[in-house]
J.: 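Next up is a structure, given as C-alpha cells.
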Amino acid sequence: MASLLELKEIFRNADAVCFDVDSTVIREEGIDELAKFCGVGDAVAEMTRRAMGGTVTFKAALTARLGLIRPSYEQVQKLISDNPPQLTPGIRELVSRLHQRGVQVFLVSGGFQSIVEHVALQLNIPTANVFANRLKFYFNGEYAGFDETQPTSESGGKGKVITHLKEQFHFKNVVMIGDGATDMEACPPGDCFIGFGGNVVRKQVKEKAKWYITHFDELLKELEER
C-alpha cells in the first residue's frame, strides 16, 4: 500500500486524472435532482440511501430508481436548461491546470451522459473523455430504460473504465478522485485514490482513504510545489 507521500508523487506525475461527477465535480447528485424535477424526489432519495448502504447492487438500485422516475427526453433537457449542474468551487481551475500540464482528464460517472457531457463542456473536457450511463428513449421521447452495456451501469464499473484507459493509452499513473465507495474501489487498477469531501462526507471513504481533501485548492497547491 502506497504512503501519502507516494500518493502525492503519483498525482504530481499523473498521465490521467479521472473524476467522479455527482457530489465531486458538481455539488449535487444528478439522479436525485432529476427525481425532484420529475416529482418523485423523496421516494428516490430513500432508494438512494438504501443503495449507499450496500444492500443492493448498483445496477439493481439504478434500475429501480429510474423505473420510478421514468424521465422523458424532454424532462432531461429541461432539467439541464432550467437547473444546470452547479460546479464545485475550484474544479474549473484544477482541470485547467491539469490540461496545461498535458494531463488527460476524464469524467467517470454513474450519472447520466447528457448531464455529464454538459459538465464536460464547461470544463473543456472532450466528450470522448466522458464515461457515464446512457438513458434510452422511444421515438416519442418517453423513457425506454438505460444502456446496460455501459461499464458504469454496474458495481466495479469505474475500475473497468480505468483498465480500458490504461490498455488504450498506456497510461502509467492514473488518479481517481471522488466522494464515494465506488471511486475508492477503482484503485486498483487506478494507481492513486483521492477522497473528496467538499460537498458530502461519506464516513467509509473518509476513514479508509489515505488521502482525503475537502477543497480542490489542496490539489492545486500540490501541483504548484513541483
Side-chain angles (χ1 to χ4, degrees), residues 1-27 85 87-111 116 119-120 122-132 151-152 156-226:
M1 291 290 284
S3 68
L4 179 57
L5 277 176
E6 287 167 330
L7 292 177
K8 289 186 172 185
E9 186 65 18
I10 291 168
F11 174 66
R12 285 195 294 268
N13 292 293
D15 315 294
V17 176
C18 298
F19 287 92
D20 171 50
V21 177
D22 294 332
S23 298
T24 300
V25 169
I26 62 173
R27 305 195 71 150
L87 291 177
T88 300
I91 188 63
R92 203 186 287 275
E93 295 79 4
L94 178 58
V95 170
S96 175
R97 188 78 188 91
L98 289 168
H99 281 155
Q100 285 167 14
R101 291 164 69 95
V103 179
Q104 287 251 38
V105 178
F106 297 86
L107 298 181
V108 185
S109 172
V116 178
V119 173
Q122 295 179 70
L123 297 172
N124 297 313
I125 295 170
T127 52
N129 287 18
V130 169
F131 293 85
T152 49
K158 291 179 182 181
K160 285 179 186 168
V161 169
I162 290 175
T163 298
H164 162 75
L165 293 176
K166 283 187 157 188
E167 288 169 355
Q168 187 176 356
F169 298 107
H170 307 291
F171 292 139
K172 293 279 186 292
N173 290 322
V174 178
V175 175
M176 180 79 213
I177 301 172
D179 67 289
T182 59
D183 308 307
M184 191 161 58
E185 287 160 6
C187 298
D191 303 281
C192 166
F193 170 67
I194 303 171
F196 182 73
N199 293 310
V200 63
V201 175
R202 314 266 184 218
K203 186 167 175 281
Q204 180 192 6
V205 176
K206 187 177 183 183
E207 287 173 358
K208 290 188 178 174
K210 281 252 180 79
W211 190 0
Y212 193 81
I213 63 166
T214 54
H215 201 289
F216 289 124
D217 281 356
E218 295 170 62
L219 298 183
L220 271 171
K221 285 195 191 103
E222 207 60 51
L223 294 176
E224 303 312 325
E225 283 178 16
R226 186 174 170 187

J.: Using the test salt bridge (charged side-chain N to carboxylate O under 4.0 Å, His left out), find all partners of Glu218 that sit at least two apart in sequence or belong to another chain.
T.: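 In terms of salt bridge (charged side-chain N to carboxylate O under 4.0 Å, His left out), with neighbours along the sequence ignored, Glu218 is linked to no residue.
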J.: Run the side chain to side chain donor-acceptor pair (under 3.5 Å) test against Glu185 and tell me which residues pass, sequence neighbours left out.
T.: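 Glu185 satisfies side chain to side chain donor-acceptor pair (under 3.5 Å) with no other residue.
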J.: Verify, without hydrogens or angle tests, whether Ser96 (side chain) and Arg92 (backbone) share a donor-acceptor contact under 3.5 angstrom.
T.: no
J.: Go through Lys172 and Asp15 one step at a time and tell me if the salt bridge (Lys or Arg N to Asp or Glu O under 4.0 Å) criterion holds.
T.: CA-CA 7 Å; Lys172 293 279 186 292; Asp15 315 294; over 6 Å; no
J.: Can you list everything that forms a side chain to side chain donor-acceptor pair (under 3.5 Å) with Lys166? Sequence neighbours excluded, please.
T.: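 Residues passing side chain to side chain donor-acceptor pair (under 3.5 Å) with Lys166: Asp191.
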J.: Give a yes or no answer on whether the side chain of Ser109 reaches the backbone of Ala132 with a donor-acceptor pair at less than 3.5 Å.
T.: no
J.: With side-chain hydrogen bond (donor to acceptor under 3.5 Å, both in side chains) as the test, pick out the partner of His164 among Glu167, Lys160, Gln168.
T.: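 Between His164 and the candidates, side-chain hydrogen bond (donor to acceptor under 3.5 Å, both in side chains) is satisfied uniquely by Gln168.
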J.: Are any non-hydrogen side-chain atoms of Cys18 and Leu165 less than 4.5 angstrom apart?
T.: yes
J.: The criterion is side chain to side chain contact (heavy atoms under 4.5 Å, CB included); which residues satisfy it with Pro89, sequence neighbours excluded?
T.: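 Arg27, His215.
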J.: Which residues pass the salt bridge (charged side-chain N to carboxylate O under 4.0 Å, His left out) test with Glu207, not counting sequence neighbours?
T.: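 In terms of salt bridge (charged side-chain N to carboxylate O under 4.0 Å, His left out), with neighbours along the sequence ignored, Glu207 is linked to Lys203.
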J.: With sequence neighbours left out, write down each residue that passes salt bridge (charged side-chain N to carboxylate O under 4.0 Å, His left out) with Asp22, or none if nothing qualifies.
T.: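 Applying salt bridge (charged side-chain N to carboxylate O under 4.0 Å, His left out) to Asp22 gives none.
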J.: Listed by chain and number, what are the side chain to side chain contact (heavy atoms under 4.5 Å, CB included) partners of Ala120, not counting sequence neighbours?
T.: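 Checked Ala120 against side chain to side chain contact (heavy atoms under 4.5 Å, CB included); matches are Leu107, Ile125, Val130.
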J.: Which residues pass the side chain to side chain donor-acceptor pair (under 3.5 Å) test with His99, sequence neighbours left out?
T.: none
J.: Check ring pair (Phe, Tyr, Trp, His ring centres under 6.0 Å) between Phe193 and all other residues, then give those that pass, not counting sequence neighbours.
T.: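 Partners of Phe193 under the ring pair (Phe, Tyr, Trp, His ring centres under 6.0 Å) test: none.
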J.: For the pair Phe106 and Phe169, name the ring-plane relationship: parallel under 30°, tilted 30 to 60°, perpendicular over 60°.
T.: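 Judged by the thresholds at 30° and 60°, the geometry between Phe106 and Phe169 is tilted.
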J.: Taking it one step at a time, do Thr24 and Phe216 satisfy side-chain contact (heavy atoms from CB on, under 4.5 Å)?
T.: CA-CA 10 Å; Thr24 300; Phe216 289 124; 4.1 Å; yes
J.: Measure across Gly180 and Val205 and return the closest heavy-atom pair with its distance rounded to 0.1 Å.
T.: C-CG2, 3.5 Å
J.: Checking Asn124 now: which residues fulfil side chain to side chain donor-acceptor pair (under 3.5 Å) with it, not counting sequence neighbours?
T.: none
J.: Once ring pair (Phe, Tyr, Trp, His ring centres under 6.0 Å) is applied, do any residues pair with Phe11, and if so which ones, sequence neighbours excluded?
T.: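 With sequence neighbours excluded, Phe11 shows a ring pair (Phe, Tyr, Trp, His ring centres under 6.0 Å) to Trp211, given in chain and number order.
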J.: Can you see which heavy atom on Val25 is nearest to which on Asp20, and at what distance?
T.: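 Of all heavy-atom pairs spanning Val25 and Asp20, the closest is CG2-O, 3.2 Å.
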J.: Between the main-chain N or O of Asn199 and the side-chain N or O of Ser23, is there a donor-acceptor pair closer than 3.5 Å?
T.: no
J.: Does Arg97 have any side chain to side chain contact (heavy atoms under 4.5 Å, CB included) partners at least two apart in sequence or in another chain, and if so, which?
T.: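 Partners of Arg97 under the side chain to side chain contact (heavy atoms under 4.5 Å, CB included) test: Gln100, Arg101, Leu220, Leu223, Glu224.
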J.: Can you tell me which residue among Ile91, Leu94, Val17 is in a side-chain contact (heavy atoms from CB on, under 4.5 Å) with Leu219?
T.: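 With Leu219 as partner, Ile91, Leu94, Val17 yield a single side-chain contact (heavy atoms from CB on, under 4.5 Å), made by Leu94.
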